[in-house]
Amino acid sequence: MSSKSIAFVSGASGYIALHVVNELLNAGYKVIGSTRSDKKAAEVEKKFGNNPNLKTVIVPDIAEPGAFDHVFEKYGSEIKVVLHVASPCFFNTTEYEKDLLLPAVNGTKSILESVKKYAPQTVENVVVTSSLAAIASPKRLSEPNAVVTERDWNGVTWEGAGSDPITAYCASKKFAEKAAWKFLEENKSAVQFKLTTVNPGYVFGPQLSDDSVREVLNASCELINGIVHSKPGSDIQPLSGPYIDVRDVAKAHILAFEKEEAFGKRLMLVEGAFSLQQVADIINKEFPQLRESIATGKPGTGKELLNKNAKCDPSKTKEILGFKLRDLSETVHDTVAQILKVEGRD
Ligand code: NAP
């Protein structure tokens, strides 16, 4: 893959996708990114100083049939890599099928159909941003003796996805990822791309640029933002799970198509496990200006929660990636430092 090749990134305005676009541009790739509207396209272009190597296209709704056809009809003969990052990643809905499952699954199917129709011989690699949620549900992750690896799939059914938004999100990521692998299996002779999926745990770390720091952040960073803006004496949610820094997620998206060892693989992106209590401890320790004005919970008890959880074993992925991942202190520190800087409290 020549570094002058063109990569297409869906959902380019999102938290993770912006870091992916940044990583691609820094590595010398030309990028075409899709956003839902002209307004978002202009914002993305501005973030990159109107870099001539970045072009934007509009895809208003990935759930619509043929959503990506116009992009691949026009640019398919030039696009070598497709990174499908766009997918609903929010939980404030009760219409799970319409808002979460269908855009995730139909978006994945339709981008691959467009590749098959307009760029079957040009696109060499497809990277789909899946999730650890496709690998294991929160229930599985809370089983003390379980070991979770890249081979696993969550047990959520389409029908069972109706119980709550988290379960629906897990289903959306599983069925979308399965659709990608099935598409490749059924179209082996019609397309020539290699498929890699990237399956991150909870993604933390700074927004690509300070102007993305809003009152409410993307779903995963909002967990940290919630503690930064908590009231003293309020409870810390007993939430825990696997985490990874967004800058490492972006790097992994590039290695997913640059490194042959990653082709055909699911990359389970997990540095370690976190609990929100540990996050609160880090914030209280490292940001003296917040001390006594935010929640402390029960300092020092965060690790206990983790002992009751399943263990993730990302050793195969770490071997493929071959670079050191950022730890919890660094990712939490950098997330909070950016929020406080934007709020003038640094
Ligand atoms: P995000 O900031 O909300 O990004 C999601 C992107 O997808 C946005 O650009 C969004 O556009 C776009 N999108 C969603 N639904 C769409 C639709 N129906 N039509 C067109 N575009 C649509 O969240 P993120 O954290 O960066 O997530 C990016 C990807 O990473 C998702 O596939 C997510 O499942 C996956 N992931 C995230 C985490 C995490 O902890 N953050 C962990 C594992 C996997 P708008 O902003 O315009 O709606």
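First listed ligand is number 1; within each ligand, the first listed atom is number 1. Note that the structure is predicted; figures quoted are calculated from it, not measured.
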Handout entry: Contact check, Phe90 vs ligand 1, heavy-atom distance below 4.0 Å
Key = no

Problem - Pair Glu113 + Lys109, salt bridge at N-O below 4.0 Å - result: no

Exercise for the section: Taking only Lys NZ, Arg NE, NH1 and NH2, and the carboxylate oxygens of Asp or Glu, determine whether Lys174 and Glu177 approach each other closer than 4.0 Å. Expected result: no

Completion exercise
shortest atom 4 (O) of ligand 1-to-protein heavy-atom contact is with Gly14 CA, 3.6 Å

Exercise for the section: Looking only at distances, please establish whether an N/O atom of ligand 1 is found under 3.5 Å from an N/O atom of Ser87. Expected result: yes

Handout entry: Carboxylate-amine/guanidinium proximity below 4.0 Å for Glu23 and Arg247
Key = no

Problem - Salt-bridge present (Glu186, Lys182; N to O < 4.0 Å) - result: yes

Exercise for the section: Considering heavy atoms of the protein only, find what lies nearest to atom 33 (C) of ligand 1 and give residue, atom and distance to 0.1 Å. Expected result: Tyr169 OH, 3.4 Å

Completion exercise
Residue, atom and distance of the protein heavy atom nearest atom 41 (N) of ligand 1 read Ser220 OG, 3.0 Å

Exercise for the section: Output yes when the distance from some N or O of ligand 1 to some N or O of Ile62 is under 3.5 Å, and no in every other case. Expected result: yes

Exercise for the section: Check whether the ring centres of Phe287 and His333 lie less than 6.0 Å apart, and answer yes or no. Expected result: yes

Exercise for the section: Could you tell me the residue and atom name of the protein heavy atom closest to atom 10 (C) of ligand 1, and the distance to it rounded to 0.1 Å? Expected result: Arg36 NE, 4.5 Å

Handout entry: Ring-face cation contact, Trp153 with Arg266, 6.0 Å cut, 45° max
Key = yes

Exercise for the section: Look at atom 29 (C) of ligand 1 and say which protein heavy atom is nearest, naming residue and atom and giving the distance to 0.1 Å. Expected result: Val85 O, 3.2 Å

Completion exercise
In short, Glu78 meets Thr122 closest at the heavy-atom pair N-CG2, 4.2 Å

Handout entry: Test of proximity, Ile16 against ligand 1: N or O pairs below 3.5 Å
Key = yes

Handout entry: Min N/O separation Asp61 to ligand 1 under 3.5 Å
Key = yes

Exercise for the section: Tell me whether the guanidinium CZ or amine NZ of Lys194 lies under 6.0 angstrom from the six-membered ring centre of Phe257 and within 45° of its axis. Expected result: no

Problem - Donor-acceptor contact below 3.5 Å, side chain His19 vs main chain Asp248 - result: no

Problem - Gly11-ligand 1 polar pair, N/O distance under 3.5 Å - result: yes

Exercise for the section: Give a yes/no verdict on whether any heavy atom in Ser130 is under 4.0 Å from an atom of ligand 1. Expected result: yes

Problem - Any N or O of Val203 closer than 3.5 Å to N or O of ligand 1 - result: yes

Handout entry: Ligand-residue contact atoms, ligand 1 with Gly201, heavy atoms, under 4.0 Å
Key = 40 (O), 42 (C), 43 (C)

Completion exercise
the protein heavy atom lying closest to atom 47 (O) of ligand 1 turns out to be Lys40 NZ, 2.7 Å

